[in-house]
Amino acid sequence: MSNLLIIVFALVSLATVMAVYRIVAGPTISDRAVGLDTATTITTAMIVLFSQIFHRAIYLDVALVYAVLAFLGVIALARYLEGGV
Amino acid sequence: MILEYFMLFLLFLMLGLAIYAVETKDLLASVVAAGFVSLVASIVYLYLQAPDVAMTEAAIGAGLTTLIFIIAIRKTERYEK
Amino acid sequence: MRKWLAIIFLIVLGFFMAKITSSFPFGEEKWGVSRHYVDKGIEENRGSNLVTSIVVNYRGFDTLGEVTVLFLAATALAFLLSTCRCRRRYERREASLIVKTASETLYPLLILFGAYIFIHGHLTPGGGFQGGTVIASAVMLMLLAHFTFHPNHRALSTVEGLAGITFVLIGFAGLIWGGSFLANNIIPLGQWNRLFSAGVIPLIYVAVGFKVGSELSGLITDMIKTTKEE
Amino acid sequence: MKVVVSTVVLFVLWVAITGSFDPQELSVGLITAAVISMIAPGVAGPEPKKWLQPKRYLFTFIYLFYFIYAMVKANLDVAMRVINPRLPINPGIVKVKTKLKTHAGKLALANSITLTPGTLSVDIVGQYLYIHWIDVKSPDIEAATQEIVKGFERFLEVIFE
Amino acid sequence: MAFFVASILLILIGLYAVLVKRNIMKIVIGLSLMDTGVNVLIISLGFIRGRTAPIVNIKDLLVNTSSKVVDPLPQALVLTAIVIGVAVTAVALSIVMLMYSKKKTLEIEEYKELKW
Amino acid sequence: MVYRALGEFLILVGSLFLFLAGIGLLRMPDVYNRMQTGTKATTLGALSLIMGVGIYHPQWFFKTAIISLFILLTNPVSSHALARASHNKGIPLAEGSVLDRYAEDKERGLKEEENDS
């Protein structure tokens, strides 16, 4: 498991760096929003992985809240761009 | 061990994006960057064994804060002069 | 010039903050009063979640104050925005059918999650504040997707007032029958790690959940609907 | 009717979240589900009778496997494109036509399209969907419909119509 | 240790925005960053290495609890502080909207009435 | 034991797809193509990782299944909303795009085709 975790965390770190690059560099605000969306999904997966690492099932509740609410920020940004807010 | 390095890396990213949020001229980009900061803060709380606080930060930072800032930007203006 | 002055000031401030925090060892035991809460918490309250025991019972008076601050903030915001002459200068566009349908489907589910979180506040992470926020997020999703959705303002303020009164009444019941404000010995404590346990803690947290949910929903509604028609 | 169906759905969800059959949990869950259904019965949809037909559940089950298969294929496809140094993409927005009429069906179709082979639903107007396609094979409406929509529509027609 | 340093730096970044930036929205964003920094600092003060979260729903944790869980008190403090923080941000932003509707600008230099 | 091996394999595959999504975000030429990789690959990656953990610990399976269900329901919706908003905002497709039926139809007006619902 621990050798696996090294690979997993390395890959996920690289993915996060690229999402952050998109947030910082992205020419339009939509690009930044796509970066944020990717980062939130990665975070949900990370929280579930944390509950596996710490062996506590209670952390899954946090992941549940994140999975349910993570898309709201992106929807708010999209509605801003459309002129809905 | 690997987990500690991962947290260090995330803290580094968080500080970088905080600086970006303060320095950029586009207020909307600044709000997105602040959203990422709260995302990382939530993982940090989880690492520090505070699931209650992580859940609060997730619930607030995911939607509410972003929306409130976006409404304010809509009612005022988007670019800093 | 002002920038460099500020940076020098921040460096000095940061130095002192680092000096102060370096006297606390990171990651080592430094118990204060919370030693008692951890050792006796299960015995005295039967709630699995020690954080909830502290928030609602040991430091319940603080929480009452904090809920009041929240109420004041919502009221102040409503008052401020009622005087705002913010005009709309843009074309409004309806959300797409997908977003509308998805929001209608997700709205009850999100409310169910919120209820789950604040009902299980004493067993799993979460509680009134988190659950209330999730419910407010559900209202926010509907407000984003539908222009015709108006939360009933009168109902919201009624729920909020009732929840606040419940909190205070439970506190006074503790004062009368239990010996101190918010004392947790007026109803049976129940078994550890089951739903009906921890005495008055779940009741208070449900009240807090309703209060926070209705307050934050009202706050968001005020902010979104503040624009007057041109 | 609507309220009853919505209560049952929410109650099943409650049991799945709590993951216990303790009578205390079940009773509180039932009360919560009933109260929420009275306020917001949106989860049942406009025609709650459809929840009673077992055929729909069977097709949902089959559809799930088909969907996972399509999704894995989509991801391998996208992965190949991303890794390839020449970046072989040929993007464009095409228009397709669907037979589905219910809103829930359109939602499921759009979500499935977004998650599968190189396609992303951009907008939906009446019976027509506008789809961003990473590798446009034909600009024609009929051909694009055949390529993108038909596979899902077979199942979704039974599940939602 | 890294958590102390990072949270202090976050507080300083937020304070920098409050002190130097002339745009009112930027000042509010700086305030919310400071909020996050303070919360992370308080939580990391209560952390104890090798311990688990203070939620005693496993039988193992029932005996000798205080040698197995982290300090729950800072968590209880921060929990409410976050919710208060978002309400305060909302009030600040509504003041910003009100100020903008009066003068049509977000530059802090334009608002001279409060100076003395 | 078999469960554990399968769970670890799924976790590895999930992280690999998350990484591919990152590369896609970096390399693709415009918003819509980035969304393609950003949504699809992250959704499958997160799904696979979460279900991997659920299989590793069979008693958590139900909760992880619900988490993945919600990811499946919400992720495409946000991506769709963002795509529509970007197009309405006037963010152009990348160079080399073949056709844009949506823009053509928007010029003619979308109203005439709304015949049902």
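So that the names make sense, note that chain A is the first sequence line, chain B the second, and so on, each numbered from 1.
When heavy atoms are compared at a cutoff of 4.5 Å, A/Ser30 approaches chain F by way of both its backbone and its side chain. Residue contact with chain F, scored on non-hydrogen atoms closer than 4.5 Å, involves the side chain of A/Val12 exclusively. Looking at A/Ser51, both its backbone and its side chain come within 4.5 Å of chain F, counting heavy atoms on both sides. Interface remark: A/Leu64 contributes backbone and side-chain atoms alike to the contact with chain F (heavy atom separation under 4.5 Å). Using a 4.5 Å cut-off between heavy atoms, F/Leu20 does not touch chain A at all. Looking at F/Leu47, there are no atoms closer than 4.5 Å to chain A (heavy atoms on both sides), in backbone or side chain. Heavy atoms of F/Ile67 lying under 4.5 Å from chain A belong to its backbone as well as its side chain.
Here the side chain of A/Arg32 pairs a donor or acceptor atom with the backbone of A/Val24 at under 3.5 angstrom. Using modelled atom types, no side-chain atom of A/Tyr21 and backbone atom of F/Gly22 make a donor-acceptor pair closer than 3.5 Å.
Chain A forms the most heavy-atom pairs under 4.5 Å with one residue out of F/Lys63, F/Arg4, F/Arg34, F/Met35, and that residue is F/Arg34. If you tally non-hydrogen atom pairs under 4.5 Å between each of A/Ile29, A/Thr16, A/Val34 and chain F, the highest count goes to A/Val34. If you tally non-hydrogen atom pairs under 4.5 Å between each of A/Thr44, A/Ile42, A/Thr40, A/Thr28 and chain F, the highest count goes to A/Thr28. Here F/His57 is the residue among F/Gln59, F/His57, F/His80 with the most heavy-atom pairs under 4.5 Å with chain A. When A/Leu60, A/Leu72, A/Ile75 are compared by the number of non-hydrogen pairs under 4.5 Å with chain F, A/Leu60 comes out ahead. Among A/Leu77, A/Asp61, A/Ile47, the residue with the largest count of heavy-atom pairs under 4.5 Å with chain F is A/Asp61. Across A/Ala33, A/Ala67, A/Ala57, A/Ala19, the residue that shares the most heavy-atom pairs under 4.5 angstrom with chain F is A/Ala57.
Between F/Lys89 and A/Tyr80 there is no side-chain heavy-atom pair separated by less than 4.5 Å. Within the 4.5 Å cutoff, side-chain heavy atoms of F/Ile50 are placed close to those of F/Ile71.
Counting heavy atoms of neighbouring residues, nucleotides and ligands inside a 6.0 Å radius, atom CZ of A/Phe9 exceeds 12 of them.
Ring geometry for A/Phe54 versus A/Tyr59: interplanar angle of 30 to 60°, hence tilted.
The two residues A/Val68 and F/Thr74 have their closest heavy-atom pair at O-CG2, 4.4 Å.
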Would A/Leu49 and A/Leu5 satisfy side-chain contact (heavy atoms from CB on, under 4.5 Å), going step by step from the backbone distance to the final call?
CA-CA 9 Å; A/Leu49 198 63; A/Leu5 284 181; 4.3 Å; yes

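A donor-acceptor contact closer than 3.5 angstrom links the side chains of F/Thr39 and F/Ser79.
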